[in-house]
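Worksheet: one structure, shown below.
Every number for a ligand or one of its atoms is a count from 1 in the order of the listing.
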Amino acid sequence: MFSPIDHAMMLRAIELAKRGRFTTAPNPSVGCVIAHGDSIVGEGYHYQAGQPHAEVFALRAAGDKARGATAYVTLEPCSHYGRTPPCAEALVKAKVSRVVCAMVDPNPQVAGRGIEMLQVAGIEVQTGLLEADAQALNPGFIKRMKTGMPYVQLKLASSLDGRTALSNGQSKWITGAAARADVQRFRARAGAILSTSATVLADDPSLNIRWDELGKEVQRDYPQAAVRQPCRVVIDSQNRVSPAHKLVHLPGKTILARCEQGNEAWPQAVEQLLVPATEAGGPLDLPALMKALSEQDINHIWVEAGAGLAGALLSAELVDELIIYQAPKLMGSDSRGLVDLQGLTAMSQVPELAISDVRMVGPDIRITARVKHV
Ligand code: AOF
Ligand code: ZN
């Protein structure tokens, strides 16, 4: 069904889509190529929510040459009037003769209707070319559209023997500068960075993006002027975070997830989000928090906290992917462990992971693993 030229064109569209990976949230990253055979006449990608979609930029570049061409799009062209008019209509008007999309749009406002609009207009439509690669562009958008829950990536950093702090609490810096720069790049793709009041009280972290630490390759697609600070979300069920902490004053929004409203004098960009507790005075309801964040259009959450939240999120089956950095150090069994998982008494209860990638980051190892939900 798909020729080698089709593959090459869709690969190009995926490369274009990647350029928007830091800026499109909450919209998906989408790329589009318009071609006659192997000759490209227009290219485009979606850069920012509110701005034109990928197809519009590609059609503008192609001009009259779009007539009779094939449009390759990494996501089904939209059929709805959102912040912008429907791309399916624009493709019909431009008289392309064929549209190849990598995947159907999971947005219930579209979900096949874009394809239908094209077909009704007599355009040949094919779907599913390099689908897995296209899905990998937007794990957060896809999960939120399909389930109403955000995609959760849990960052962990430890010694080679899985330890995070000495028994006296000392922990600064286990992993190296390259791993910290890598973390900056993950943060930049997320809609929110999730942490806890325990981490804020212990470290007074910034949990922000520092453009000069992102590296040249990222800076090309993400100019300093475009930097969008992911929202910082701090689980603060005992109202312990105060206006004296650094992160509430940094650019971007900070959400304090609390069980009860506090009456501190917060800067304007601080929101208190009330989330029920699981029991009186106990920890807050993590699935309810995730759902509330998804309702604020947050697709993708990057978690940086301690062993407690890591264990609780894993136990609640809220984690999609773990990013584990391991430093070439041994800290011994008196030191603190990576994840608090309480009450495990049988190997059958142990969360199982599937490792999808392992690589060196400076002197450290980075392991990417998905949680297998049984
Ligand atoms: C496309 N091409 O490049 C993108 C699409 O609010 P709007 O108007 O920007 O619409 C956002 C929705 O449009 C988004 O949820 C997704 O369904 C689709 N994104 N569609 O045809 C694109 N970014
Ligand atoms: Zn569109």
Side-chain angles (χ1 to χ4, degrees), residues 9-34 42-62 66 69-94 96 98-121 123 125-131 133-151 189 191 221-222 226 228 293-300:
M9 294 297 155
M10 189 60 86
L11 272 177
R12 175 68 189 151
I14 287 170
E15 281 314 304
L16 289 163
K18 282 182 188 163
R19 294 201 190 160
R21 65 200 183 283
F22 302 106
T23 45
T24 60
N27 273 1
S29 302
V30 181
C32 177
V33 169
I34 298 178
E43 291 186 334
Y45 64 96
H46 186 50
Y47 182 67
Q48 214 160 49
Q51 290 192 13
H53 288 176
E55 297 89 322
V56 172
F57 285 117
L59 285 170
R60 279 184 197 165
T70 298
Y72 297 87
V73 202
T74 59
L75 185 73
E76 170 187 3
C78 65
S79 54
H80 68 299
Y81 284 86
R83 282 169 277 234
T84 67
C87 292
E89 208 173 272
L91 290 163
V92 171
K93 276 195 190 141
V96 303
R98 178 176 172 237
V99 174
V100 179
C101 24
M103 60 179 283
V104 172
D105 187 345
N107 182 349
Q109 288 183 288
V110 184
R113 285 188 205 93
I115 292 173
E116 221 176 277
M117 271 171 92
L118 294 166
Q119 284 171 333
V120 166
I123 296 173
V125 184
Q126 288 163 318
T127 316
L129 175 58
L130 296 175
E131 184 165 13
D133 304 72
Q135 285 170 340
L137 292 168
N138 297 301
F141 174 76
I142 295 169
K143 184 169 176 197
R144 181 169 70 88
M145 287 297 157
K146 287 194 170 162
T147 67
M149 294 289 267
Y151 183 81
R189 292 191 60 180
D221 296 339
Y222 198 29
R228 160 195 65 84
L293 295 176
S294 161
E295 281 161 8
Q296 295 203 13
D297 285 353
I298 292 171
N299 293 330
H300 183 149

Kindly compute the distance separating [atom1] ([X]) from [atom2] ([Y]), expressed to the nearest 0.5 Å.
X      : Y      : atom1 : atom2 : result
Asn299 : Ser294 : CG    : OG    : 7.5 Å
Leu118 : Leu91  : CG    : CG    : 6.0 Å
Leu59  : His53  : CG    : NE2   : 13.0 Å

Atom indices of ligand 1, in the order listed, that fall short of 4.0 Å to a heavy atom of [X]:
X     : value
Cys87 : 21 (O)
His80 : 10 (O), 12 (C), 13 (O)
His46 : 3 (O), 23 (N)
Asn27 : 9 (O), 11 (C), 14 (C)
Pro77 : 21 (O)
Glu55 : 1 (C), 2 (N), 3 (O), 21 (O), 22 (C)
Arg83 : 6 (O), 7 (P), 8 (O), 9 (O)

With salt bridge (Lys or Arg N to Asp or Glu O under 4.0 Å) as the test, would you mind laying out the steps for Arg113 and Asp105 before giving the verdict? CA-CA 9 Å; Arg113 285 188 205 93; Asp105 187 345; over 6 Å; no

Min heavy-atom dist Gln109 to ligand 1 below 4.0 Å: no

Closer than 4.0 angstrom: is that true for some heavy atom of Phe141 and an atom of ligand 1? yes

Does [Y] offer a backbone N or O that forms a donor-acceptor pair with the side chain of [X] under 3.5 Å?
X     : Y      : answer
Glu76 : Val104 : no
Arg21 : Lys18  : yes
Glu55 : Cys32  : no

How close do [X] and [Y] get, counting heavy atoms only, and between which atoms?
X      : Y      : value
Val100 : Met10  : O-CE, 3.5 Å
Ala136 : Arg189 : O-NH2, 4.3 Å
Gly31  : Leu16  : CA-CB, 4.3 Å
Pro28  : Leu75  : CG-CD2, 3.8 Å

Is it the side chain, the backbone, both or neither of [X] that has a heavy atom closer than 4.0 Å to ligand 1?
X     : result
Ala49 : neither
Glu76 : backbone
Thr84 : both
Cys78 : both

What N/O/S atom of His53 is the closest to the Zn ion (ligand 2)? ND1

Under 2.8 Å from the Zn ion (ligand 2), can any N, O or S atom of His46 be found? no

Is His53 in polar range of ligand 1, meaning some N or O pair under 3.5 Å apart? yes

Between Phe22 and Tyr222, how do the two ring planes meet: parallel, tilted or perpendicular, split at 30° and 60°? parallel

Checking a contact table here: which protein heavy atom is nearest [atom], and how many Å away?
atom                    : answer
atom 19 (N) of ligand 1 : Pro28 CG, 3.7 Å
atom 15 (O) of ligand 1 : Asn107 ND2, 3.0 Å
atom 3 (O) of ligand 1  : Ala54 N, 2.8 Å
atom 17 (O) of ligand 1 : Asp105 OD2, 2.5 Å

